[in-house]
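Not measured: the values here are computed from a predicted model.
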Number of protein chains: 2
Amino acid sequence: MRLFREGGYDATTMRAVAEAAGVSLGSAYYYFASKEHLVQGFYDQLSAAHHEVVADVLATETGFAERYGGVLERWIDLAEPYHDFAATFFRNAADPRSPLSPFSPESAAAREVSIAVHREVLAGSDLKLAPALREEMPELLWLVQMGMVLFWVYDASEGQARTRALVRGVVPLVDRLARLTRLPVVRAAANDVVALVRSLRG
Amino acid sequence: MRLFREGGYDATTMRAVAEAAGVSLGSAYYYFASKEHLVQGFYDQLSAAHHEVVADVLATETGFAERYGGVLERWIDLAEPYHDFAATFFRNAADPRSPLSPFSPESAAAREVSIAVHREVLAGSDLKLAPALREEMPELLWLVQMGMVLFWVYDASEGQARTRALVRGVVPLVDRLARLTRLPVVRAAANDVVALVRSLRG
DNA sequence: TCCGATGTTTGAACACGTTCAAAAATGGGT
DNA sequence: ACCCATTTTTGAACGTGTTCAAACATCGGA
């Protein structure tokens, strides 16, 4: 991880990793099936750290926008040192067959932790949702976060300022849209979204 | 392109391409800066073909949902033979620094064609939008299409049936949501979306 | 103490994308 | 016809991720 952080994904060779670990190249491949697998721990590490750093927001705030916004912003804070590195290996995560894909079985652990965080965001908030929507909302919020991460990867601005602006804009929108589901006509649309998500999962 | 289609991206070597073209390996690199650039023509080719195949839908249909749905479904039809190939090289397109990224300068031509198609989708439809939204809507529809493509890449179902189901679900939703902007409270949210998009672009 | 099986380590070897200096071809000006 | 600058072609060479057969280590049981 140190080598990756310092030199980026591509510039860090398996030979350098093996040497830094004091083993031969072949041994590195005995413990890690590929260079991608080397980086698998990064996900688990990051999602666990995020889970921790988000605890006090979830303990103190009660407004949905504050809770969700806090969760997203702290992810950006946490991931900031790894932004350049992430940009260099993200290509692998976008391959559907890669174990680094956020939808892969290998990423299930990190994914579950992340969805659980969003379940907490909802559970402790003042937002009231229809039952059908309430059930699917954590996964939808996680999907929005994946969209944010996609934007973040492309974001070359200082301190990822643009991604932060995105979050400050999107969170109130999600908040408002969610509350709009009180209107029957909007709720009908929301129910269709839920039905679609469910049919695509099955 | 034939070699890519038959063997996939990774399995097609630059040496094989050079040999099939009857030139040396070095000459291949004289005309194409990298393996990724070899595939650049695929975008232009595909978006041009899409523009053509979509003409009669845009000439006959007037309902927004029919127009937009037709445009998306014909893209799936068109891209179907390349699905496996696309999955193998898509990883490169997800790299923000890759010329294959849909946001890259090198992809600008194909991107402009695609956005123009969506402008036509709107222009000839019965959908009435507020001026601010009308201006940004083509790009938003294109973004939705990029989302569909992302889903499509991950879609291993027969004939990409799940992506087709997604389109059949999403299009009426977009249609309904767009028409809901007649309600002042929904229109306010839509205006915030437009403002956000504009601030992020600048 | 020795044996065999299992677990671990090693570095050479492979195929790949890419680079580069040198060679070959081209073409316009005299 | 000749020259020279420019364009084009070539294949060897480099560094990479990955594989693999062989060597070595470990350890429980006879």
Value in whole Å for how far the [atom2] atom of [N] lies from [atom1] of [X]:
X	N	atom1	atom2	result
B/M14	D/dT10	CE	P	14 Å
A/K35	D/dG15	NZ	P	16 Å
A/Y29	D/dT18	OH	P	4 Å

Exercise for the section: Could you list all the salt bridge (Lys or Arg N to Asp or Glu O under 4.0 Å) pairs where at least one residue sits in residues 113-135 of chain B, not counting sequence neighbours? Expected result: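 Found B/D126-B/R179, B/E135-B/R198.
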Practice task
Check whether NZ of the Lys or CZ of the Arg A/K35 lies under 6.0 Å from the centre of the six-membered ring of A/Y9 and within 45 degrees of that ring's axis.
Solution key: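 Yes, a cation-pi geometry.
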Problem - Sub-4.5 Å side-chain heavy-atom contact between A/F32 and A/Q40 - result: no
Problem - Heavy-atom side-chain contact between A/V174 and A/F64 under 4.5 Å - result: yes
Practice task
Mark yes or no for a side-chain to base donor-acceptor pair under 3.5 Å between A/R15 and D/dG15, with no hydrogen or angle criteria applied.
Solution key: no
Problem - Start and end of chain A contact along DNA chain C [non-hydrogen atoms, under 4.0 Å] - result: C/dG7 to C/dA13
Handout entry: For B/D56, side chain to side chain contact (heavy atoms under 4.5 Å, CB included) partners two or more places apart
Key = B/R74
Residues 137-147 of chain A side chain polar contacts: donor-acceptor under 3.5 Å, at least two apart:
unit_1	atom_1	unit_2	atom_2	d
A/E139	OE1	A/R201	NH1	2.9
A/E139	OE2	A/R201	NH1	3.2
A/Q145	OE1	A/S114	OG	3.4

Problem - Donor-acceptor pair between A/S34 and A/H37 side chains, under 3.5 angstrom - result: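 Present: a donor and an acceptor within the cut-off.
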Handout entry: Spacing of A/T163 atom OG1 and A/I76 atom CD1 [to the nearest 0.5 Å]
Key = 5.5 Å
Problem - Along DNA chain D (nearest heavy atom to each residue), the more 5'-positioned of A/A11 and A/A33 - result: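 Per heavy-atom nearest nucleotide, the more 5' residue is A/A11.
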Exercise for the section: Just call it for B/F32: base, sugar-phosphate, or nothing, with non-hydrogen atoms closer than 4.0 Å on any strand. Expected result: nothing
Practice task
For the pair B/R67 and B/D175, find out whether any cationic side-chain nitrogen is under 4.0 Å from an anionic carboxylate oxygen.
Solution key: no
Problem - Distance test, side-chain N/O of B/Y30 to OP1/OP2 of D/dT9, below 4.0 Å - result: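 No, because none of the side-chain N or O atoms of B/Y30 sits under 4.0 Å from OP1 or OP2 of D/dT9.
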Handout entry: Partner of B/D77 by side chain to side chain donor-acceptor pair (under 3.5 Å), out of B/H50, B/Q160, B/R164
Key =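 It is B/R164; the other options fail the test.
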Practice task
Take the angle between the ring planes of B/F85 and B/Y82 and call it parallel below 30°, perpendicular above 60°, tilted in between.
Solution key: perpendicular
Practice task
Report the end-to-end axis angle of the helix from C/dT1-D/dA30 to C/dT30-D/dA1; each axis comes from five terminal pairs, and the value is rounded to 10°.
Solution key: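 One end axis against the other gives 30°.
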Practice task
Tell me which residues in residues 18-28 of chain B put a heavy atom below 4.0 Å from DNA chain C, sorted by number, or none.
Solution key: B/L25
